[in-house]
Number of protein chains: 2
Amino acid sequence: MGRADVILDLDMADPQIEFWFDFSSSYAYFASLEIEGLAQKHGREVVWRPFMLGTAFEVTGARGLSRTPLKKDYAARDWARLARLRGVAFRLPPHHPSIALPATRAFYFLDAPEPARAVRFAKAVFAAYYRGVLDTANPEEVARVGEEVGADANELLRAMADPHVKALAKARSEEAVSRGVFGSPWVFVDGEPFWGWDRLTMVDEWLSRGGW
Amino acid sequence: MGRADVILDLDMADPQIEFWFDFSSSYAYFASLEIEGLAQKHGREVVWRPFMLGTAFEVTGARGLSRTPLKKDYAARDWARLARLRGVAFRLPPHHPSIALPATRAFYFLDAPEPARAVRFAKAVFAAYYRGVLDTANPEEVARVGEEVGADANELLRAMADPHVKALAKARSEEAVSRGVFGSPWVFVDGEPFWGWDRLTMVDEWLSRGGW
């Protein structure tokens with residue numbers, strides 16, 4: 001087998017880009033608007049992986065931006081600046097940051113049989129939350145967003161309370177922490193970790209060069 | 001006075017870019033290698049402002065990257081990746097993170113009569129620290145770096161112990177916190193705050209557009 005074959009095999013081994021995020025992370029929202037275009041540019045697919053950032057915070061001892069003095073004010077300014085730059089809607093709901101556990105559980109319930117629908121659901125959750133009209137901690141509101149992507153609201157409500165679905169969502173958060181994920185958004189490309197919306201440019205360069 | 005005159009006056013009002021940093025911040029090191037080229041591109045000058053990040057951490061309750069589980073490992077990987085990308089030397093000293101108070105005091109002693117020499121000193125401190133051969137917490141070692149930019153080592157040693165110099169360095173750290181600075185590196189452009197090496201691209205765009 002020649003050198004080109006080896007490289008091809010490596011490229012084919014895991015062409016997916018893993019996109020880890022917490023629905024309550026504003027930088028994840030901005031990244032969610034860019035990650036698919038970035039992946040398509042390089043012929044990659046995106047695997048969407050919501051998780052509970054709070055699980056990681058328990059390990060690092062960190063707090064969310066919106067709960068930290070000084071950082072909170074800067075972050076609000078930075079998000080507004082970023083939204084203007086990208087020309088996208090951005091209004092934090094009054095209850096921000098919500099604990100997005102119901103939305104995360106609903107995602108994995110939808111993801112198991114049909115990942116593409118779960119991705120549409122994730123986008124709808126982001127869109128509603130960052131228009132300020134969704135509480136991701138409220139199962140009834142989350143179920144109504146599910147209806148936008150063709151899910152049955154009552155089925156979703158039952159799923160969010162299902163021990164198996166709860167365990168799956170919990171396992172994903174624990175998987176994130178076990179792999180060193182401590183922030184949101186977080187991208188893995190061929191095993192290489194990138195933290196933050198502001199690393200997407202570097203992810204692009206990494207994919208172009210095949211690392212360095 | 002026409003519109004063009006008004007814009008010109010605004011541009012001339014405060015053309016300086018403020019570059020705030022802690023010598024022990026690796027991202028500040030990378031930013032220090034880029035900030036002047038960025039400023040020159042837009043006809044601006046850089047004011048270098050070392051400060052003690054620990055003073056800000058007392059307000060936010062944050063900890064340094066190198067003292068935080070998970071973040072510490074990621075940061076080490078990210079710095080090495082960044083150094084390879086930029087093709088620059090990068091080796092953390094064994095005592096990292098040092099408390100760079102002596103180096104910060106020496107900077108302000110040099111800065112008062114001759115800012116340009118203080119900038120050369122800051123660059124020499126960064127270069128030695130991130131080659132792993134300087135302890136910025138050690139006044140004798142800091143004084144020897146001062147000799148590289150033509151300062152008298154004994155005079156620098158006395159200055160680092162001088163109450164007036166100490167007070168000036170402390171006042172700069174308090175100024176930083178009072179203006180909302182909680183991280184390193186930090187850039188102010190026409191009053192607009194930008195946190196992090198990874199915001200330099202946005203600073204460039206801000207300067208090109210005159211904000212948005």
Side-chain angles (χ1 to χ4, degrees), chain A residues 20 27 30-31 53 55-87 176-183 186-189 191-206 208-209 211-212, chain B residues 20 27 30-31 53 55-87 176-183 186-189 191-206 208-209 211-212:
Chain A
W20 291 82
Y27 290 117
F30 291 110
L53 189 53
T55 305
F57 286 167
E58 286 168 16
V59 177
T60 58
R63 282 175 299 177
L65 284 173
S66 295
R67 299 183 195 277
T68 307
L70 294 184
K71 271 194 184 181
K72 176 187 166 131
D73 298 330
Y74 174 81
R77 183 177 187 137
D78 196 42
W79 296 330
R81 180 166 67 187
L82 207 42
R84 295 196 306 273
L85 180 63
R86 293 290 187 251
V177 173
S178 74
R179 293 174 65 195
V181 176
F182 57 80
W186 190 283
V187 169
F188 281 113
V189 175
E192 186 75 12
F194 297 90
W195 171 35
W197 166 83
D198 30 33
R199 278 292 177 284
L200 292 185
T201 307
M202 194 182 277
V203 169
D204 188 23
E205 193 153 359
W206 191 269
S208 294
R209 296 189 186 196
W212 59 80
Chain B
W20 291 83
Y27 291 116
F30 291 109
L53 188 53
T55 305
F57 285 167
E58 286 168 18
V59 177
T60 58
R63 283 176 300 177
L65 284 172
S66 295
R67 300 182 194 278
T68 306
L70 294 184
K71 273 194 182 180
K72 174 185 167 135
D73 299 330
Y74 174 82
R77 182 177 189 139
D78 196 42
W79 297 330
R81 181 166 67 187
L82 207 42
R84 294 196 306 274
L85 180 63
R86 292 289 188 250
V177 173
S178 74
R179 293 173 64 193
V181 176
F182 57 81
W186 190 283
V187 168
F188 282 113
V189 175
E192 186 74 13
F194 296 90
W195 171 35
W197 165 81
D198 30 33
R199 278 293 177 283
L200 291 185
T201 308
M202 193 182 278
V203 169
D204 187 22
E205 192 153 1
W206 190 269
S208 293
R209 296 190 187 194
W212 60 79

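In what follows, chains carry the letters A, B, and so on, assigned in the order in which the sequence lines appear, proteins first and then strands, with residues in each chain numbered from 1. Below, each value reflects all heavy atoms present in this structure, side chains not excepted, and no hydrogens, waters or symmetry copies.
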Requested in this report: Let me know if B:T60 has heavy atoms under 4.5 Å from chain A in its side chain, its backbone, both or neither.
Outcome: both
Query raised in the report: Which bit of B:W195 comes within less than 4.5 Å of chain A, counting heavy atoms only: side chain, backbone, both or neither?
Result: both
Considering non-hydrogen atoms only, spot the tightest contact between [X] and [Y] and give its length.
X: A:V181; Y: B:L70; result: O-CD1, 4.2 Å
X: B:P69; Y: A:V59; result: CG-O, 3.9 Å
X: B:W186; Y: A:Y74; result: CH2-CD1, 3.6 Å
X: B:W212; Y: A:R81; result: NE1-O, 2.9 Å

Query raised in the report: Taking C-beta and beyond as the side chain, do B:T201 and A:T201 meet within less than 4.5 Å on heavy atoms?
Result: no
Query - Within-4.5 Å side-chain heavy-atom neighbours: B:L82 and A:M202 - result: yes
Query raised in the report: Partners of B:E205 by salt bridge (Lys or Arg N to Asp or Glu O under 4.0 Å), sequence neighbours excluded?
Result: B:R209
**Report entry** salt bridge (Lys or Arg N to Asp or Glu O under 4.0 Å) against B:R179, all qualifying residues, sequence neighbours excluded
**Finding:** B:E18, B:E175
Requested in this report: Quick one: which of A:L85, A:D73, A:T68 has the most heavy-atom pairs under 4.5 Å with chain B, could you say?
Outcome: A:L85
